[in-house]
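Right, one structure below, let's go through it.
Please read all numbers here as calculations on a predicted model, not as lab measurements.
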Amino acid sequence: MRHTLPIAPQFYVTAPQPCPYLEGRMERKLFTALQGEGAEKLNDTLSQQGFRRSQNVLYRPSCADCSACMSARIRVADFTPSKSQRRVVRRNAELVRKANSPWATEEQYALFRRYLDQRHADGGMADMDIFEFAAMIEETPVKSRVIEYHLPAEAEGNDTGEDKLVAVCLTDVLEDGVSLVYSFFEPDLEKHSLGRYIILDHIAIAREAGLPYVYLGYWVPDSPKMGYKASYGALEIYKGGSWRDLGNPDAHREDMHPLSVDPIAEQVARIRLPDSRPATKRR
């Protein structure tokens, strides 16, 4: 009898390039392809080990002389909003949430372009055209949703005469939570703090679905772009092979030292992969 052995995921490392979060440092990523029947299980398993999804790829920072980027997630059951976060929720009480299949629209892309042009004009996505945008939204081998937030036609500040799309989040649904893959919003509505609201509403979504975590991407000490995540209570970071409470953010600055980095071979050897064996039938 001939048996076909399961093929384990292959891991690769990107070439170094300038870090988008910390000036003067170089970035490198460890990544693997996400495809086939086992894609959802692999996404669940590696997300629990600090990996993130981008289209058909799972990746995790693996820089040569820095380990400052740490995956972050919120424990939904223990989260209590601060006074300022409660104000953000009240300020956006009129918004209507719509959860859709991962399908890109021209309206989404127009909002995406306004967001990039005003917030990230010099970023790596600044030149993304509508076809690349569609690929980012639609090329997903796992359970994903596009969460849209609309300002009703009758709402104050909406002079369009119809419902207005003001925020979007591409969200993966994991076995233990929701993962914010990428979000963008109307830059002219700065007083609404839409970026913060998207996170707070995803905590509500996870709570409604009975899911324990909201995965936020990477937290980076001293990074103006990524440091804000420390303001959310019940925040955990993936560090040293396990999830732990963030604690004092200042205590993690040593992770920007070269001696904080383990060799690539050791990092890969410690990755836990999903069990690909078929379930045994009971007799």
Side-chain angles (χ1 to χ4, degrees), residues 20-21 23 52 54 72 74 81-138 144-172 178-206 214-220 223-232:
Y21 306 126
E23 187 176 356
R52 297 282 292 165
S54 177
I74 295 170
S82 65
K83 288 183 179 179
S84 65
Q85 289 167 346
R86 288 196 293 270
R87 286 196 296 269
V88 170
V89 172
R90 291 196 297 269
R91 199 176 299 138
N92 292 284
E94 289 184 298
L95 294 186
V96 176
R97 178 211 302 159
K98 297 180 181 179
N100 304 315
S101 298
W103 187 255
T105 67
E106 292 183 3
E107 185 180 24
Q108 291 169 7
Y109 181 67
L111 176 62
F112 175 72
R113 284 264 37 112
R114 292 196 299 275
Y115 171 77
L116 287 185
D117 292 345
Q118 293 194 38
R119 292 294 188 97
H120 302 286
D122 58 348
M125 304 174 76
D127 297 328
M128 185 178 287
D129 62 28
I130 192 169
F131 301 106
E132 293 167 322
F133 173 78
M136 179 180 73
I137 297 292
E138 298 173 9
S144 302
R145 295 291 183 267
V146 174
I147 311 296
E148 295 185 343
Y149 298 91
H150 294 257
L151 189 64
E154 65 275 10
E156 182 181 354
N158 185 358
D159 55 3
T160 65
E162 56 187 20
D163 288 358
K164 180 181 179 182
L165 179 67
V166 297
V168 175
C169 186
L170 175 61
T171 304
D172 283 354
V178 292
S179 176
L180 285 73
V181 177
Y182 189 78
S183 63
F184 53 95
F185 49 85
E186 181 58 66
D188 292 336
L189 296 178
E190 186 171 356
K191 68 177 184 178
H192 283 258
S193 302
L194 289 170
R196 294 171 66 191
Y197 178 71
I198 289 171
I199 293 175
L200 294 168
D201 190 59
H202 273 70
I203 296 172
I205 290 172
V214 173
Y215 288 82
L216 296 181
Y218 294 105
W219 173 71
V220 186
S223 168
K225 293 181 180 179
M226 307 295 276
Y228 70 92
K229 296 173 185 178
S231 66
Y232 290 86

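Aromatic pair Tyr149/Tyr197: ring centres closer than 6.0 Å.
Residues Trp103 and Val146 have side chains not in contact (no heavy-atom distance under 4.5 Å, counting atoms from C-beta outward). Within the 4.5 Å cutoff, the side chain of Phe133 has heavy atoms near those of the Gln108 side chain. Residues Val96 and Asp163 have side chains not in contact (no heavy-atom distance under 4.5 Å, counting atoms from C-beta outward). Looking only at side-chain heavy atoms (C-beta outward), Ile199 and Tyr228 come within less than 4.5 Å of each other. Val214 places a side-chain heavy atom less than 4.5 Å from the side chain of Leu216. The shortest distance between side-chain heavy atoms of Thr171 and Val181 does not fall below 4.5 Å. In this structure, the side chains of Arg97 and Glu148 stay at 4.5 Å or more apart for every pair of heavy atoms. Glu186 places a side-chain heavy atom less than 4.5 Å from the side chain of Arg114.
A donor-acceptor distance shorter than 3.5 angstrom exists from the side chain of Arg52 to the backbone of Leu180, with no hydrogens or angles considered. Glu138 places a side-chain N or O within 3.5 Å of a backbone atom of Ala104 that can act as its donor or acceptor partner. In this structure, Arg91 contributes its side chain and Ser193 its backbone to no donor-acceptor pair below 3.5 Å. Side-chain atoms of Lys229 come within 3.5 Å of backbone N or O of Tyr218 as a donor-acceptor pair.
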Stepwise side-chain contact (heavy atoms from CB on, under 4.5 Å) check, Val89 with Arg86: CA-CA 5 Å; Val89 172; Arg86 288 196 293 270; 5.6 Å; no
Candidate pair Leu95 and Leu151, rule side-chain contact (heavy atoms from CB on, under 4.5 Å), full reasoning: CA-CA 5 Å; Leu95 294 186; Leu151 189 64; 3.7 Å; yes
Residues His150, Lys98; criterion side-chain contact (heavy atoms from CB on, under 4.5 Å); working and verdict: CA-CA 8 Å; His150 294 257; Lys98 297 180 181 179; 3.7 Å; yes
Side chain to side chain donor-acceptor pair (under 3.5 Å) between Ser231 and Arg196, worked out: CA-CA 10 Å; Ser231 66; Arg196 294 171 66 191; 5.8 Å; no
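For Tyr182, the side-chain contact (heavy atoms from CB on, under 4.5 Å) test picks out Phe112, Tyr115, Leu116, Met125, Met136, Phe184, with sequence neighbours left out. For the side-chain hydrogen bond (donor to acceptor under 3.5 Å, both in side chains) test, no residue two or more places apart in sequence or in another chain qualifies with Arg87.
Note: Ser101 OG to Arg145 CZ = 5.5 Å, rounded to the nearest 0.5 Å. Note that CD1 of Ile147 and CD1 of Ile198 are 10.5 Å apart. Values are rounded to the nearest 0.5 Å. Once rounded to the nearest 0.5 Å, the distance linking CH2 of Trp219 with OH of Tyr21 reads 14.0 Å. With rounding to the nearest 0.5 angstrom, the CD1 atom of Ile137 is 4.5 Å from the CG atom of Leu170. The distance from the CD atom of Glu107 to the NZ atom of Lys164 is 10.0 Å, given to the nearest 0.5 Å. Of the inter-residue distances, the one linking Leu194 atom CG with Leu200 atom CG reads 11.5 Å to the nearest 0.5 angstrom.
When the shell of 6.0 Å around CD of Glu132 is examined, it contains more than 12 heavy atoms from other residues, nucleotides or ligands.
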